[in-house]
There are 2 protein chains.
Amino acid sequence: MRTITIKDIARELNLSTSTVSRALRDSSEIGIETKKRVLELAQRLDYNPNPVALSLLSSQSHDIGVIVPEIANPFFAIVIAGIEDVAFAQGYHVVIYQSHEDYEREVLNVKHISNRRKDGLLVSIATATKDYSHFKSLHERGFPIVFFDRICDEIDTHKVLVDDFEGAYSATEHLIKQGCERIFHVAGPDHLLISRRRLHGYRAALLDYGKPIQDDWVVSSAYNANNSLEVARELLAKPERPDGIFASSDNIAIGCHAAIIEAGLSMPDEIALIGFSDLPISALLNPPLSSVAQPAFEMGRSAAELLINLIKNPGKYTTPISNVLKTSLMARKSSLRNVSVE
Amino acid sequence: MRTITIKDIARELNLSTSTVSRALRDSSEIGIETKKRVLELAQRLDYNPNPVALSLLSSQSHDIGVIVPEIANPFFAIVIAGIEDVAFAQGYHVVIYQSHEDYEREVLNVKHISNRRKDGLLVSIATATKDYSHFKSLHERGFPIVFFDRICDEIDTHKVLVDDFEGAYSATEHLIKQGCERIFHVAGPDHLLISRRRLHGYRAALLDYGKPIQDDWVVSSAYNANNSLEVARELLAKPERPDGIFASSDNIAIGCHAAIIEAGLSMPDEIALIGFSDLPISALLNPPLSSVAQPAFEMGRSAAELLINLIKNPGKYTTPISNVLKTSLMARKSSLRNVSVE
DNA sequence: TTGAAAGCGCTAACAT
DNA sequence: ATGTTAGCGCTTTCAA
């Protein structure tokens, strides 16, 4: 697997490597004739500069690292597509890392990213993470970081998120307007900010509409369908069932959806259901799942733009931006009862 | 962002860099005392070897590249999890590339992988790819490649796949045994081997059971639910509807599922449906989707093992292995009619 | 047991 | 307009 280097070209053309290097980078101080000869040979030999050497020289890799909990979660897959969209156009390559919701793994990922001289980091933190020092020390060393979705409030850098409170509020409001009286919330893990904000939105809506707030109407689930399926089964087995459920994510909602069907209950009449994120699959369920749509692709784009900005202006202190994106309510059959128009 | 190098340690300890290097690698020719001092200081300074320098030196990156069409496809996400499982344990890092089913993109990915001195490549080819020369030239230069799932027959290297023919055969057989008479097949794109093999399995089963084979009972769809939803809508609008559908993948089946519900047809009584892959979501649909399960995680593990083997034994010619994994039929409500037991 | 020097591929002063 | 030299961080002969 011998690869062509600048040396090969120099030898063949009886030039020094620096001349070749300059010719290749189209430097103005190289003779037009020489330039042509170099370019032609490079072309013929299929010369490719060795990025590793470049990286060693410049301490830049033109790679940006992205840590997400799971790529299998379509929400993150779409965010990544948005990130790649911007990064690719700017000449950066996106290296994807999965924390698998595990703290140790996340720490390892961060270490890898820092050691491998990635130019920056985009991250949505793992459920298990309660200590943020691995991010903090990186940030303090001046390493460009942007948080998205599952952000960390303790670190003063750019963030991209949606208005979780408002999204949750409108989802709950929607259930209220559909005539639901016993609205439960299947929340995400407590310590994640998004879980708490969505919970607060749920509570605020109930409060505003004069509905009782019952602590035992809120149960918690991991952000995946397997876990929520179990949680929902228990919920539905209780004597006092909900007649409406707001799930903290679509994955959670999908588990609830399956549990409701399994229990032989009708949706939305006996139980109305709404999720959060509007995954592509949601509209294809039976009945189609209502959800609070998040602009995942746009979130990825925005995060990448902010990060690249940070990378290109090193040291320059810029006030951290928190870009809060809008959600929109997608009301579908899983929650739309035949009530008088709102 | 100054980072600690071997030089810093050498200076501080009044040693040469080579001594430090040797001490760090626990060379036997270094005094026990010196070793201790070096190790301690390295620890205290949080020294991390620069992998970029190592990579330039050794032409190895300890990275392996994986190209998949889309990480948003849960099948590939699971395969990747399997790959990471093996790679991680062997000290390799997995760099994920998406072709987005696009040929140009795939070529770029291959180029990146080769330029960046990745140690090997695992790949499942894009739908749009009809020319394999980018893989061929890499392979001819001795670069380790293993294909999985969407393999390329023209290149003589390790492959990991499932028995698509048999899986498709048993799915079709299952529909026949459920009493279906008009079994349609929503196939994948023609030129993909997996599509063709599944189509052949479908045909073979019909033939064996003395059922007619009708060309217009086979329609083609991209491997995603959006496209298959449209295809299925057309199918169901025709005067002579199917009473059974075998879809070439679960994503395709999910679109069909939604179309069948949308058309108000009952599943499995009016139309029985079965897919291929058994994605995690499939069992959660309403009605739950029957499918041919593929061991995706195992496929990833096997592919990674074969690749690392190839990497560790460079040049050594080994007869290419095709590891064909078993599928298993998951019969669920979308196809299970109340017929006498098979 | 340790050090000096060369080199991986490339670029950027600093010559000429 | 082109060449020489040094160096990015590290390992590895070769010397001592």
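Proteins get letters first, then strands, A, B, ... in listed order; numbering begins at 1 in each. All heavy atoms count here, side chains included; hydrogens, waters and symmetry mates do not. Just so it is clear, the model here is predicted, and its values are computed rather than measured.
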Would you kindly give the [atom1]-to-[atom2] distance between [X] and [N], to the nearest whole Å?
X      : N      : atom1 : atom2 : answer
B/K7   : D/dG7  : NZ    : P     : 7 Å
A/E29  : D/dT4  : CD    : C1'   : 14 Å
A/K35  : D/dA1  : NZ    : C1'   : 11 Å
B/N115 : C/dC10 : CG    : P     : 11 Å
B/L13  : C/dT2  : CG    : P     : 11 Å
A/L24  : C/dA12 : CG    : C1'   : 15 Å
B/L56  : D/dC8  : CG    : P     : 13 Å
B/R11  : C/dG3  : CZ    : P     : 15 Å

Does B/L57 or B/I30 map to a spot on DNA chain C nearer the 5' end, using the closest nucleotide for each?
B/I30
Looking at [N], I'd like to know if its phosphate oxygens (OP1 or OP2) sit under 4.0 Å from a side-chain N or O belonging to [X].
X     : N      : value
A/S58 : C/dC10 : no
A/T5  : C/dG9  : no
A/S21 : C/dT11 : yes
B/T17 : C/dG3  : no

Answer yes or no: side-chain N or O of [X] and base N or O of [N] forming a donor-acceptor pair under 3.5 Å.
X     : N     : result
B/T19 : C/dT1 : no
B/S18 : C/dA4 : yes
A/R22 : D/dG3 : yes

State which of [options] makes the closest approach to the side chain of [X].
X     : options               : value
A/I6  : C/dT1, C/dT11, C/dG9  : C/dT11
A/Y47 : C/dT1, D/dC10, C/dC10 : C/dC10
A/A53 : C/dC10, D/dT2, D/dG9  : C/dC10

Checking [X] side chain against [Y] main chain: does a donor-acceptor pair fall under 3.5 Å?
X      : Y      : answer
B/T157 : B/I145 : yes
A/H93  : A/D63  : no
A/N115 : B/P49  : no

So A/S55, base contact, sugar-phosphate only, or nothing? Heavy-atom distance under 4.0 Å.
nothing
Give one of base, sugar-phosphate or nothing for B/N14, where a contact means two heavy atoms less than 4.0 Å apart.
sugar-phosphate
Lys/Arg-Asp/Glu bridge criterion (N-O < 4.0 Å) met for B/R301, B/E305:
yes
Centroid-to-centroid, B/Y132 to B/H139, below 6.0 Å?
no
Do the side chains of A/F76 and A/V66 get nearer than 4.5 Å, heavy atoms only?
no
